[in-house]
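Comments concern the structure below.
Computation of the quantities below employed the complete heavy-atom set of this structure, encompassing side-chain atoms and omitting hydrogens, waters and symmetry-equivalent molecules.
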Amino acid sequence: LAYSSRFGPTLESSLWGHALPGDSALILSEVGAAPRLVRDVAEHAIVDGQVYSLWSPGPGVTVHTVLAGGAPWHVRLHRVVTDRELVCQETGFAVGGWDALTGGFDSGDGFARIEADEGVSILRDLSGGRSAATQPLAPNASLTRPHAAVPVLRCRLGAGRHDLACAVFASATGAGSTETPAVSDAARALLEQRAGP
């Protein structure tokens, strides 16, 4: 969903036979199945400084996404329409360094923070109902550091329509990390305009 030249991207990976999420992504999968990322982008546009996309991870599932804001925070708004139950994971930016694996973690109700020598990564659920955690990645999954971890939000989605929102922070320092942005009226209006009421 977004990339950082400071933290760099990570690859999809597995550890001890378990699939691990990558960085800065919305990952949807059927219960008990392998995770699926963006597979087919049907539409995309930049409207008043916001990025919109319509995409699908597979048949029977469509996702409308709006990204708004800039560094150090941005807001993501998704409308997921599915014909079956899904496992949903959304990740922030991966942070590297040994301390990303041995400490510097903080997670609570809908909130996950990782602080390491490389910087600070925060993910905060704005829609409610998602659990938060910090997830170590497999060795060398990060393209910039041999060891990294990622903040993640998790939930299950039943068949139907679901609106999800979160705020994402990434910075070399924690400056500004306590000023979590809300979903703007402009972002909600763009989602409604493109996805329908």
Side-chain angles (χ1 to χ4, degrees), residues 1-13 20-28 35 37-38 44 46 48-53 55 63 65-78 88-128 130-155 164-184 186-187 190:
L1 296 170
Y3 291 95
S4 166
S5 59
R6 178 177 184 82
F7 298 118
T10 64
L11 305 173
E12 293 178 64
S13 61
L20 298 177
D23 67 313
S24 200
L26 182 68
I27 304 135
L28 301 168
L37 299 169
V38 176
H44 57 87
I46 298 175
D48 298 328
Q50 302 173 111
V51 178
Y52 165 82
S53 62
W55 57 278
V63 183
T65 295
V66 174
L67 303 180
W73 284 101
H74 73 269
V75 172
R76 301 177 190 161
L77 184 59
H78 310 284
C88 175
Q89 299 182 87
E90 185 161 8
T91 57
F93 291 95
V95 177
W98 274 108
D99 47 351
L101 300 179
T102 60
F105 296 114
D106 182 21
S107 62
D109 188 23
F111 172 82
R113 174 189 175 110
I114 303 171
E115 188 166 349
D117 59 354
E118 188 178 34
V120 178
S121 179
I122 299 172
L123 194 56
R124 184 181 295 275
D125 183 27
L126 299 178
S127 50
R130 291 194 277 179
S131 63
T134 54
Q135 174 70 61
L137 299 174
N140 298 317
S142 168
L143 297 185
T144 61
R145 295 292 184 101
H147 301 283
V150 67
V152 60
L153 299 173
R154 295 185 174 109
C155 68
L164 305 172
C166 69
V168 186
F169 177 91
S171 176
T173 70
S177 63
T178 59
E179 302 159 13
T180 308
V183 178
S184 68
L190 178 57

Those residues that, when tested against Ala112, pass side chain to side chain contact (heavy atoms under 4.5 Å, CB included) (two or more places apart): Ser107, Ala132, Thr134, Pro151
Heavy-atom donor-acceptor pair, Ser121 side chain to Phe93 backbone, under 3.5 Å: yes
Residue list, side chain to side chain contact (heavy atoms under 4.5 Å, CB included) with Cys88, at least two apart or on another chain: Leu26, Leu28, Cys155, Leu157, Leu164
Validation row: Gln89, Gln135 side chains within 4.5 angstrom (heavy atoms): no
Pairwise distance CG(Asp109) to CZ(Arg130) - rounded to 0.5 angstrom: 12.0 Å
Smallest separation among heavy atoms of His74 and Gly69, with atom names: CB-C, 4.2 Å
For the student: nearest non-hydrogen atoms of Glu118 and Ala94, plus distance: OE1-O, 4.3 Å
4.5 Å side-chain heavy-atom contact, Ser24 and Val168: no
Short side-chain donor-acceptor distance under 3.5 Å, Ser53 and His44: no
Any residue meeting side chain to side chain donor-acceptor pair (under 3.5 Å) with Ser127, in chain and number order, not counting sequence neighbours: Asp125
Closest non-hydrogen atom pair between Ala165 and Leu77, with its separation: CB-CD1, 3.8 Å
Distance-minimising heavy-atom pair for Leu123 and Gly92: CD2-N, 3.6 Å
Which atom of Ala182 lies closest to which atom of Val75, heavy atoms considered: O-CG2, 3.8 Å
Single hit among Val150, Ile114, Ile122, Val120 for side-chain contact (heavy atoms from CB on, under 4.5 Å) with Val95: Ile114
Qualifying residues under side chain to side chain contact (heavy atoms under 4.5 Å, CB included), relative to Thr173, sequence neighbours excluded: Ser171, Ala175
Distance-minimising heavy-atom pair for Glu90 and Cys166: OE2-SG, 3.3 Å
Residues forming a side chain to side chain donor-acceptor pair (under 3.5 Å) with Ser177, sequence neighbours excluded: Arg113
Rounded distance (nearest 0.5 Å) linking atom NE2 of His78 with atom CH2 of Trp55: 7.0 Å
Residues forming a side chain to side chain donor-acceptor pair (under 3.5 Å) with Ser184, sequence neighbours excluded: none
OG1-CZ distance between Thr180 and Arg124, expressed to the nearest 0.5 angstrom: 4.0 Å
